[in-house]
Visitor: 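So that we are looking at the same thing, I have put the structure below in structure tokens.
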2 protein chains.
Amino acid sequence: MTELEHYIKSYFGVVEAKELQTIGSLFKLTEIKKGDYFLKTGNPCNDLCFIQSGLMRIYVDTPDKELTQWISTPGYFVADLSSLIFETPARWTIQALTDCVVYNITKQDYNKIGNLVPQWHLLEKLFIAKCFTILEDRIFSHLSMSAEERYTLFFENNKELFNQVPLQYIASMLGMTPETFSRIRKKQVS
Amino acid sequence: MTELEHYIKSYFGVVEAKELQTIGSLFKLTEIKKGDYFLKTGNPCNDLCFIQSGLMRIYVDTPDKELTQWISTPGYFVADLSSLIFETPARWTIQALTDCVVYNITKQDYNKIGNLVPQWHLLEKLFIAKCFTILEDRIFSHLSMSAEERYTLFFENNKELFNQVPLQYIASMLGMTPETFSRIRKKQVS
DNA sequence: TTAATTCCTTGATTTTTGTCAAGAGCTTAA
DNA sequence: TTAAGCTCTTGACAAAAATCAAGGAATTAA
């Protein structure tokens with residue numbers, strides 16, 4: 001059983017082995033080199049991938065600055081969900097921060113799964129609902145917490161990320177400037 | 001065809017009339033009086049409703065203040081999605097801001113739809129994905145915009161709300177204090 | 001190895017936003 | 001009708017965070 005299949009099984013509970021294999025077989029193991037783009041803002045999102053190893057950054061260029069929306073780690077799916085599902089132009093650019101190994105599926109194959117595995121749309125619903133809940137928490141953190149509190153919360157839950165990616169990306173993701181981020185870190189150490 | 005059925009049809013495209021009716025028949029037209037609670041933080045979310053008329057506020061009490069997460073308007077579903085789907089305690093309190101007429105469905109009936117209407121999980125997936133996209137936009141607004149910019153964007157798209165609900169709720173929802181909100185409004189007028 | 005980049009830190013300053021306090025206008029209920 | 005609550009506004013001030021500018025450390029490329 002691949003890591004992807006294991007993930008789907010562990011996340012969604014009982015799925016028959018045969019169906020799990022059907023899903024798994026549509027994903028192809030692929031390498032993405034550091035710096036390569038998985039998706040660019042404005043293009044259609046034609047792929048969905050599951051990170052086996054490596055890190056990817058989801059961001060967007062605005063006229064004045066670059067905004068990191070999220071950094072994806074192994075064990076998670078990556079795509080511009082809105083573009084993939086509703087066939088709209090991608091809002092996000094997705095780039096490999098390190099060399100990555102991913103399980104990739106094309107939009108065409110992705111759209112076939114629903115016909116092959118009856119429970120697929122239910123699984124998808126659960127998965128997307130989980131993502132929705134995570135975003136709700138994130139909104140809540142912006143409504144109720146200071147930059148320092150957001151930093152602390154994120155640091156506690158993602159310590160390992162801090163020595164793997166440029167910190168300015170994390171700062172952006174948490175909604176603060178690199179300077180503010182740096183000052184908060186200094187305070188935390190002492 | 002009820003407004004609810006019309007909404008489901010318009011939103012999700014082709015659904016057979018019979019199935020639409022099956023779904024619609026499980027929702028019961030109910031009144032919720034101003035000030036009544038649809039759901040309280042900590043309880044299980046046992047219902048999902050679709051607002052026919054009236055306004056509901058989704059919020060949470062924190063030790064120091066009350067935070068409004070969202071104000072729901074006619075034509076939308078209301079529930080604590082995470083609690084409804086994953087059977088966790090509700091994070092949000094949901095209260096009627098005005099007298100409301102809603103189509104209500106119990107969790108038990110809601111969970112039956114999947115067996116009665118094959119496409120239901122697909123429809124749900126699309127609906128939740130849409131909600132996810134809206135939250136993505138909202139996060140983006142917190143990463144990239146000032147309080148004033150968030151105000152302007154929201155005002156442009158929700159003018160009608162401003163004379164129907166206490167403005168402090170809108171302020172909270174946009175992540176600012178009532179005082180800041182008030183000062184921004186003053187500036188906008190002049 | 002050296003030069004060029006990129007990334008992070010730090011200080012000084014400005015801007016934005018929050019806090020505290022008071023009061024005015026409405027609404028609601030006795 | 002009057003008093004009690006809300007709600008919103010305003011001012012003075014404080015705190016948080018952004019901006020601007022410079023320099024140092026680390027990484028990358030020639």
Side-chain angles (χ1 to χ4, degrees), chain A residues 33-36 55 57 59 61-68 71 95-99 139-155 158-159 161-190, chain B residues 33-36 55 57 59 61-68 71 95-99 139-155 158-159 161-190:
Chain A
K33 287 290 166 197
K34 177 174 178 173
D36 282 358
L55 298 166
R57 180 167 73 109
Y59 69 97
D61 275 313
T62 70
D64 36 326
K65 55 186 165 181
E66 212 182 71
L67 287 169
T68 297
I71 293 165
Q95 187 185 27
L97 281 179
T98 64
D99 289 346
I139 299 247
F140 184 78
S141 79
H142 281 279
L143 298 187
S144 66
M145 296 177 179
S146 64
E148 186 164 351
E149 289 169 320
R150 291 199 301 278
Y151 172 89
T152 304
L153 180 65
F154 188 79
F155 180 71
N158 301 276
K159 285 202 177 69
L161 212 55
F162 284 67
N163 44 30
Q164 293 186 71
V165 305
L167 297 179
Q168 54 180 317
Y169 297 156
I170 300 180
S172 174
M173 199 177 121
L174 294 176
M176 66 189 82
T177 61
E179 292 95 333
T180 295
F181 187 87
S182 175
R183 290 184 179 107
I184 289 172
R185 303 202 81 206
K186 190 181 176 187
K187 215 196 284 183
Q188 303 271 327
V189 173
S190 56
Chain B
K33 286 289 165 197
K34 176 175 179 174
D36 282 358
L55 299 167
R57 180 167 72 110
Y59 70 97
D61 274 313
T62 71
D64 37 323
K65 54 187 167 181
E66 213 184 70
L67 287 169
T68 297
I71 294 166
Q95 186 184 28
L97 280 180
T98 64
D99 289 345
I139 299 248
F140 184 78
S141 79
H142 281 278
L143 299 186
S144 67
M145 295 178 181
S146 65
E148 186 164 350
E149 288 168 321
R150 291 199 301 279
Y151 171 89
T152 305
L153 180 63
F154 188 79
F155 180 71
N158 301 275
K159 285 202 177 70
L161 212 56
F162 284 67
N163 43 30
Q164 293 186 68
V165 305
L167 299 177
Q168 54 180 316
Y169 297 155
I170 300 178
S172 174
M173 196 178 125
L174 294 177
M176 67 188 80
T177 60
E179 293 94 334
T180 296
F181 187 88
S182 175
R183 290 188 178 105
I184 289 170
R185 301 202 83 205
K186 190 181 175 186
K187 213 197 284 183
Q188 301 272 326
V189 173
S190 56

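Proteins come first, then strands; the chains are lettered A, B, ... in the order of their sequence lines, and each starts at number 1.
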Visitor: In whole Å, I'd like the distance from the CG atom of N163(B) to the P atom of dT7(D).
Guide: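 The distance from CG of N163(B) to P of dT7(D) comes to 16 Å, rounded to the nearest Å.
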
Visitor: Whole Å only: how far is the CZ atom of F162(B) from the C1' atom of dT9(D)?
Guide: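 Distance check: F162(B) CZ to dT9(D) C1' gives 16 Å.
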
Visitor: Run the side-chain contact (heavy atoms from CB on, under 4.5 Å) test on R185(B) and L167(B) for me, step by step, so that the C-alpha distance in whole Å, both residues' side-chain angles and the decisive distance to 0.1 Å come before the verdict.
Guide: CA-CA 11 Å; R185(B) 301 202 83 205; L167(B) 299 177; 3.1 Å; yes

Visitor: Show, in sequence, the C-alpha distance, side-chain angles and deciding distance for E66(A) and R57(A), and conclude whether the salt bridge (charged side-chain N to carboxylate O under 4.0 Å, His left out) test is met.
Guide: CA-CA 12 Å; E66(A) 212 182 71; R57(A) 180 167 73 109; 2.9 Å; yes

Visitor: Report, as a single string ordered 5' to 3', how protein heavy atoms within less than 4.0 Å touch nucleotides 7-25 of chain C: B base, S sugar-phosphate only, - not at all.
Guide: SSSBBB----SSBB-----

Visitor: With side chains defined as the heavy atoms from C-beta onward, is the minimum distance between M145(A) and L153(A) less than 4.5 Å?
Guide: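 Sidechains of L153(A) and M145(A): in contact.
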
Visitor: Taking all non-hydrogen atoms of both residues, which atom of L143(B) and which atom of T68(A) are closest, and how far apart?
Guide: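 Taking L143(B) first and T68(A) second, the nearest heavy atoms are CD1-O, 3.7 Å.
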
Visitor: Name the orientation class of the two ring planes belonging to F162(A) and F155(A) (parallel below 30°, tilted from 30 to 60°, perpendicular beyond 60°).
Guide: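 F162(A) vs F155(A) ring planes: perpendicular.
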
